[in-house]
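For reference, the structure discussed in these notes is given below.
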Amino acid sequence: MAQLLKGAPVAAALSAELANRSDALKAQGVTPTLAILRVGERPDDISYETGAVKRCEKTGIAVKKVLLPAGSTSEELLKAVRQINGDPAVHGCLMLRPLPDADAEWAACCMLSPEKDVDGVTPSALGTVFTGRGAGYPPCTAQACMEILSYYGIPLDGKRAVVIGRSLVVGRPVSMLLQRRNATVTMCHSRTADLPAVCREADVLIAAAGQAGMVDASYVRSGQVVIDVGIHVNEAGKLCGDAAFDAVEPVVEAITPVPGGVGAVTTAVLAKHVVEAAERCL
Ligand code: NAD
C-alpha cells in the first residue's frame with residue numbers, strides 16, 4: 001500500500017505563521033489583499049476561487065473580487081488589470097485561467113505589475129523560474145508540487161523526474177523547479193512517443209496532463225512517487241485526478257490523493273505569496 005502524500009499537513013505548515021504575519025501587517029496599517037480576477041462563471045474557476053477565498057479568510061488576507069462577464073473583450077480585461085495594478089490596497093492578483101481567448105490572456109499576464117504577480121504569470125516571474133534570479137513568485141501549483149516533495153522528504157538530487165504536461169501553469173515551471181533541485185527532468189506532452197515507458201523510468205512522476213485517469217498501471221512501477229496535479233469530475237460526479245488511483249496506488253511507493261493533495265497546497269502557497277507581497281510593500 002502506497003504512502004498517501006496528503007496536502008493538508010503541508011498546507012498547515014505553510015500557513016502556520018501567515019495569520020500572525022497578517023496581524024503584524026495590519027498593526028502597521030496594511031491589510032494584505034488579494035484581487036481575484038474572474039471572467040465568466042466556469043465551475044472550475046468558481047471552485048478554485050472558493051478554495052482560495054477560504055484560505056485567505058483563515059490567514060487574515062482580504063479578498064477583492066473583480067468579476068467580468070463571459071464574452072468580455074480583451075480591452076475590458078486589460079482595463080481590469082490596469083485597475084488592479086493601480087489599486088494601492090491590492091498586493092496580489094490571481095487571474096483565473098484559462099481564458100477562452102489565449103492571446104487576451106497572455107496580454108493580461110504581460111500587463112500585470114510584476115510585484116502583484118503572486119501566481120507566476122508574468123514574463124518577469126517566469127524569468128525567475130527559468131533563471132533562479134529575480135524576485136518573481138513561481139506559479140502556485142508548480143510550487144505546491146515542490147512543497148509536497150520537500151515536506152515528505154522525497155529525495156530529488158540525482159533522481160529521474162518525469163513531468164507529463166508542458167503548460168506554463170504547471171508542466172514547464174515544475175520541470176524548471178525540479179531541475180533546480182538537481183533532478184534529471186524529462187518533460188512529456190501529447191506527442192511524446194511511448195509515454196508509459198518514459199513514465200516508468202521516473203523516480204518521481206508529476207502528472208499534469210489534464211486527462212482524467214490517464215496514468216494507469218502501465219505508466220508506473222514499484223518505488224515511484226506520483227504527484228497527481230489533475231482535477232476532474234468523473235461520471236459518478238466525484239473528484240479525481242490524472243492518475244487512475246485504484247490501479248496506480250497498489251503499485252507505487254507514494255501518491256498524492258485527489259482531492260486532498262496538490263489542490264490543498266496550492267491555495268496555501270498563494271496565501272504565502274500574498275502575505276510576502278504585502279510585506280515587501282512596507
Ligand atoms: P493544460 O491543458 O494547459 O496542459 C496540459 C498539458 O498536458 C499540455 O502540455 C499537453 O501537451 C499535455 N497533455 C495533454 N494530453 C496529454 C496526453 N494524452 N499525453 C501526454 N501529455 C498530454 O493543463 P494545465 O493548466 O497544465 O493543467 C493540468 C491539470 O492540472 C488539469 O487537470 C488542471 O485542472 C489541473 N490543475 C490543478 C491545479 C491544482 O491546484 N491542483 C491547478 C492548476 C491546474
Side-chain angles (χ1 to χ4, degrees), residues 5-8 10-11 14 36 38 42-55 94-102 105-106 109 118-121 126 129 137-149 162-178 185-202 205-216 218-220 226-234 238-245 255-273:
L5 306 175
K6 291 188 181 171
V10 189
L14 278 168
I36 299 182
R38 168 159 58 82
R42 276 182 5 117
D44 288 5
D45 289 346
I46 292 171
S47 127
Y48 185 38
E49 180 182 307
T50 305
V53 169
K54 271 193 201 147
R55 178 72 60 189
L94 171 68
M95 182 167 67
L96 294 167
R97 301 182 291 161
L99 298 181
D101 180 342
E105 177 181 316
W106 180 241
C109 290
V118 288
D119 194 23
V121 304
L126 292 169
V129 170
Y137 297 104
C140 295
T141 308
Q143 183 62 28
C145 297
M146 301 308 295
E147 297 289 352
I148 291 170
L149 293 167
V162 172
V163 177
I164 314 177
R166 58 178 164 182
S167 76
L168 279 180
V169 182
V170 195
R172 265 187 269 186
V174 83
S175 297
M176 290 298 142
L177 298 174
L178 286 162
V185 184
T186 303
M187 196 185 341
C188 302
H189 46 78
S190 47
R191 304 284 179 89
T192 299
D194 201 356
L195 185 60
V198 178
C199 292
R200 286 196 304 271
E201 287 175 19
L205 176 62
I206 312 273
Q211 305 286 335
M214 184 189 97
V215 174
D216 62 19
S218 71
Y219 285 64
V220 292
V226 177
I227 306 292
D228 190 350
V229 181
I231 304 179
H232 317 275
V233 180
N234 66 16
K238 286 194 168 165
L239 284 178
C240 66
D242 278 5
F245 188 87
I255 184 167
T256 56
V258 180
V262 177
V265 182
T266 301
T267 55
V269 171
L270 175 70
K272 188 164 178 261
H273 289 174

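Each ligand, and each atom within it, is numbered from 1 in the order the structure gives.
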Specify the protein heavy atom at minimum distance from atom 31 (C) of ligand 1: its residue, its atom name, and the distance to 0.1 Å. G210 CA, 3.5 Å
So does L96 get a backbone contact from the side chain of D45, meaning a donor-acceptor N/O pair under 3.5 Å? no
Just so I know, are the side chains of T186 and E201 near enough to count as touching, which here means a heavy-atom distance under 4.5 Å? no
So which heavy atom in the protein is nearest atom 24 (P) of ligand 1, and how far is it from that ligand atom? S167 OG, 3.7 Å
Does any part of the side chain of V129, heavy atoms only, come nearer than 4.5 Å to the side chain of P139, both counted from C-beta? yes
Any atoms of ligand 1 less than 4.0 Å from a non-hydrogen atom of T266? List them with their elements. 39 (C), 40 (O)
Looking at side-chain heavy atoms only, is the closest gap between I255 and L5 below 4.5 Å? no
Looking at non-hydrogen atoms alone, which of A264, G261, A209 comes nearest to atom 16 (C) of ligand 1? A209
Part of I231 with heavy atoms under 4.0 Å of ligand 1, whether side chain, backbone, both or neither: both
Check the pair T267 / K54 against side-chain contact (heavy atoms from CB on, under 4.5 Å), numbers first and verdict last. CA-CA 9 Å; T267 55; K54 271 193 201 147; over 6 Å; no
For the atom pair CD (Q143) and CD1 (I148), what is the distance rounded to the nearest 0.5 Å? 10.5 Å
Per-atom contacts of ligand 1 with G263, taking only distances under 4.0 Å to non-hydrogen atoms: 40 (O), 41 (N)
For the backbone of R172 and the side chain of R166, can you confirm whether one donor and one acceptor N or O come within less than 3.5 Å of each other? no
Return the OG to CD1 distance between S47 and I231, rounded to the nearest 0.5 Å. 6.5 Å
So, does G171 sit close enough to ligand 1 that a heavy atom of it is under 4.0 Å from the ligand? no
Quick one: does ligand 1 sit under 4.0 Å from the side chain of R166, the backbone, both or neither, non-hydrogen atoms only? both
Is there a side-chain contact between I164 and D242 in this structure, where contact means two heavy atoms from C-beta onward sitting under 4.5 Å apart? no
If we number the atoms of ligand 1 from 1 as shown, the ones under 4.0 Å from a heavy atom of M214 are 17 (C), 18 (N), 19 (N)
Can you tell me which residue and heavy atom of the protein come closest to atom 28 (C) of ligand 1, and the distance to 0.1 Å? A208 O, 3.6 Å
Scan the protein's non-hydrogen atoms and note whether one is under 4.0 Å from atom 2 (O) of ligand 1. no
Closest to atom 43 (C) of ligand 1 among protein heavy atoms sits T141 OG1, 3.6 Å
With heavy-atom distances below 4.5 Å as the criterion, would you say the side chains of L94 and Y48 are in contact? yes
May I ask you to check if ligand 1 and Q211 share an N or O to N or O distance below 3.5 Å? yes
Side chain, backbone, both or neither: the part of R191 lying under 4.0 Å from ligand 1 by heavy atom: neither
Option set G230, A102, G165, criterion heavy-atom distance to atom 12 (C) of ligand 1, minimum: G165
Nearest neighbour in protein (non-hydrogen) for atom 20 (C) of ligand 1: H189 O, 3.1 Å
Applying a strict 4.0 Å limit to heavy atoms, is T192 in contact with ligand 1? no
Answer side chain, backbone, both or neither: which part of R97 comes under 4.0 Å from ligand 1, heavy atoms only. neither
Hey, is V229 touching ligand 1 through its side chain, its backbone, both or neither, going by heavy atoms under 4.0 Å? both
Identify, for atom 44 (C) of ligand 1, the protein heavy atom at the shortest distance, and state residue, atom and that distance. V170 CG2, 4.3 Å
Can you check side-chain contact (heavy atoms from CB on, under 4.5 Å) on M146 and L178, steps first, answer last? CA-CA 7 Å; M146 301 308 295; L178 286 162; 3.9 Å; yes
Nearest non-hydrogen protein atom, atom 19 (N) of ligand 1: L195 CD2, 3.6 Å
Output yes when a side-chain donor or acceptor of H232 lies under 3.5 Å from a complementary backbone atom of N234, and no otherwise. no
Atoms of ligand 1 less than 4.0 Å from H232 heavy atoms? 32 (O)
Does any non-hydrogen side-chain atom of D119 lie less than 4.5 Å from one of H273? no
Quick one: look at I164 and ligand 1, take heavy-atom pairs under 4.0 Å, and tell me if it's side chain, backbone, both or neither. side chain
If you have a sec, work out which protein heavy atom is nearest atom 11 (O) of ligand 1 and how many Å separate them, to one decimal? S190 N, 3.3 Å
R55 (side chain) donor-acceptor with V269 (main chain) under 3.5 angstrom: no
